[in-house]
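Below is one structure, written out as structure tokens; the observations come after it.
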Amino acid sequence: MKRIAGILFLSGLALVVYPGCRKAYDPKIAAVTTNYLVVAGAINSGPAETTTITLSRTVKLAVKTSSTPVLYAVVNIEGDDNSSYTLIGDGLTGNYTYHGLTLDPAHKYRLRIKTTDNNKEYLSDYVPVKEAPPIDSIGFTIKSNGIQVYVNSHDPTNSTHYYRWDYEEGWRFHANYFSSYYSDGQEIVPRTPAQVIYTCYSDHKSDDIVLGSSAKLSSDVIYQNPVIFIPSTSEKIESLYGIMLKEYALTPDAFTFWTNMRNNSESLGSIFDPLPSNINGNIHCLTNPSEVVIGYVSAGSVQSKKFFINSGQLPLSWLPTLPYACALDTFLFHNRYGVNEVQQSLVPLPPSEIPVNAIYNGSPFPVGFTATVDQCVDCTLRGTLDPPVFF
């Protein structure tokens with residue numbers, strides 16, 4: 001029998017793992033400072049736009065949550081023309097918002113934060129108001145194993161060059177089986193249209209960092225810049241898929257910051273990947289200038305565009321991999337042992353399984369029902385009956 005040794009490199013330490021060894025190895029790793037302030041979001045200008053700044057703090061790697069929200073801070077947007085706007089916190093998630101903020105492109109703006117959890121004050125650098133050009137189009141290409149969604153954009157004034165996008169995606173999906181019946185606690189009755197739980201919707205806000213640059217091109221054109229890849233087996237493209245894409249114009253410094261963030265969060269994974277780089281943002285702690293603050297504040301207009309993909313546009317051979325392995329069981333009113341399986345399993349509330357269809361076997365009345373577990377017929381366990389707002 002061969003013995004295989006695996007080596008894991010972590011913070012300069014080599015941990016050698018042998019399958020035959022049972023003694024735990026607990027290396028003494030030096031304590032690392034955490035509790036850094038993380039500032040996420042941008043100052044969005046436009047009467048229909050909402051500026052959302054999210055404040056959180058980093059936690060130790062051993063903690064299950066990736067961050068903790070910073071609540072009850074005082075967050076203001078300040079202009080170099082002495083204008084000031086106070087954002088409203090929700091007291092729950094660390095989100096601070098201001099709706100309908102219209103900024104003057106002739107001036108610069110910054111973010112000031114006063115926290116109550118550590119009584120410190122933070123201030124970003126002044127940044128210009130960057131006007132994002134309209135999104136030309138969104139499209140997709142069919143690959144052998146999925147689809148690549150892309151974006152096209154350009155700036156006729158040749159003054160943007162650095163772009164960032166985020167998105168919200170939504171999709172329509174189905175349960176494995178259509179349930180025509182349900183138990184009301186006394187008997188099995190047909191579902192009304194309002195009680196159908198076969199078709200649902202789900203959505204997701206991106207946490208990807210999507211960037212594009214035309215700085216090395218002769219014209220300010222972005223052509224088929226990748227946004228998201230969706231595998232052919234994904235439930236997202238089973239029926240109807242939609243994406244609401246938002247575009248932001250960046251300064252060169254902001255683009256460098258987001259590039260480093262993307263490299264650190266997405267490129268790492270093996271010892272052959274590039275080492276993490278320092279993420280130098282534009283937010284500083286006035287109370288303690290040596291304190292690390294993670295984040296970069298930008299300001300500007302936002303351009304939005306939505307796009308839909310219907311399953312009829314995709315290869316017929318593509319089938320989604322559903323999250324559950326489902327099968328139908330048969331329940332008869334009386335089996336050969338005289339036990340009323342339907343009454344036992346399908347009528348009590350909650351039933352052990354949900355009825356799907358009636359079994360007649362040539363009889364004018366049902367002699368039983370097929371049924372399966374709830375996750376195989378109830379799409380609301382993984383989504384909602386209402387489509388996303390942008391649908």
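In this structure, Val127 shares a hydrophobic cluster with no other residue, the cluster being traced through Ile, Leu, Val, Met, Phe, Trp and Tyr side chains under 4.5 angstrom apart. Listed by chain and number, the hydrophobic cluster partners of Ile88 come to none, as no ILVMFWY side chain reaches under 4.5 Å of it.
Ser153 places a side-chain N or O within 3.5 Å of a backbone atom of Pro134 that can act as its donor or acceptor partner. Between the side chain of Ser363 and the backbone N or O of Phe365 there is at least one donor-acceptor pair closer than 3.5 Å. Looking at Ser124, its side chain never comes within 3.5 Å of a backbone N or O of Asn282 through a donor-acceptor pair. Of the possible polar contacts, one joining the Lys306 side chain to the Phe390 backbone as a donor-acceptor pair under 3.5 Å is found. Distance alone, capped at 3.5 Å, places no donor-acceptor pair between the Asn310 side chain and the Gln313 backbone. Distance alone, capped at 3.5 Å, places no donor-acceptor pair between the Asn44 side chain and the Glu49 backbone. In this structure, the side chain of Thr370 engages the main chain of Asn357 through a donor-acceptor pair within 3.5 Å. In terms of modelled atom types and a separation under 3.5 Å, the side chain of Asn176 and the main chain of Val377 share no donor-acceptor contact. Within the 3.5 Å criterion, the main-chain N or O of Ile230 finds no donor-acceptor partner in the side chain of Ser234. Although no hydrogens or angles enter the test, the distance criterion places a donor-acceptor pair under 3.5 Å between the side chain of Gln303 and the main chain of Ala132.
For residues 103-136, no pair satisfies ring-ring contact (aromatic ring centres under 6.0 Å, His included), with sequence neighbours left out. For residues 86-105, the set of pairs meeting the ring-ring contact (aromatic ring centres under 6.0 Å, His included) definition, not counting sequence neighbours, comprises Tyr85-Tyr98. Counting only residues at least two apart or on different chains, no salt bridge (Lys or Arg N to Asp or Glu O under 4.0 Å) pair has a member in residues 125-136.
Ser214 and Asp220 share a side-chain donor-acceptor pair at under 3.5 Å. Between the side chains of Thr384 and Asp386, no donor N or O sits under 3.5 Å from an acceptor N or O. Asn118 and Thr115 share a side-chain donor-acceptor pair at under 3.5 Å. Using modelled atom types, one finds a donor on one side chain and an acceptor on the other under 3.5 Å when comparing Ser159 with Thr157.
Ile138 contributes atom CD1, which lies 9.5 Å from atom CG of Asn152 (distance to the nearest 0.5 angstrom). In this structure, NE2 on His154 lies 13.0 Å from CD1 on Ile135, to the nearest 0.5 angstrom.
Leu87 places a side-chain heavy atom less than 4.5 Å from the side chain of Thr51. Using a 4.5 Å heavy-atom cutoff, the side chains of Thr380 and Cys200 are in contact. In this structure the side chain of Asp203 never reaches within 4.5 angstrom of the side chain of Glu169, judged on heavy atoms. Residues Thr372 and Ile354 have side chains not in contact (no heavy-atom distance under 4.5 Å, counting atoms from C-beta outward). Using a 4.5 Å heavy-atom threshold, the side chains of Tyr248 and Asp166 count as touching. Contact of the Gln224 side chain with the Phe140 side chain is not registered, since no non-hydrogen atoms from C-beta on lie closer than 4.5 Å.
Under a cutoff of 6.0 Å and an axis angle of 45°, Arg172 and Tyr201 do not form a cation-pi pair.
With ring centers used as reference points, Tyr163 lies under 6.0 Å from Trp165. Aromatic pair Tyr177/Tyr198: ring centres not closer than 6.0 Å.
One hydrophobic cluster, built from ILVMFWY side chains closer than 4.5 Å, holds both Leu101 and Ile113. A continuous path of ILVMFWY side-chain contacts below 4.5 Å connects Ile77 to Val39, so both sit in one hydrophobic cluster. Hydrophobic clustering (side-chain heavy atoms under 4.5 Å, transitive across Ile, Leu, Val, Met, Phe, Trp, Tyr) groups Ile222 together with Val227. Two different hydrophobic clusters hold Ile53 and Leu123 under the rule that ILVMFWY side chains link at heavy-atom gaps under 4.5 Å.
The ring pair (Phe, Tyr, Trp, His ring centres under 6.0 Å) search around Tyr181 returns Phe369, not counting sequence neighbours.
Ring geometry, Phe257 versus Tyr296: the interplanar angle falls from 30° to 60°, so the pair is classed tilted.
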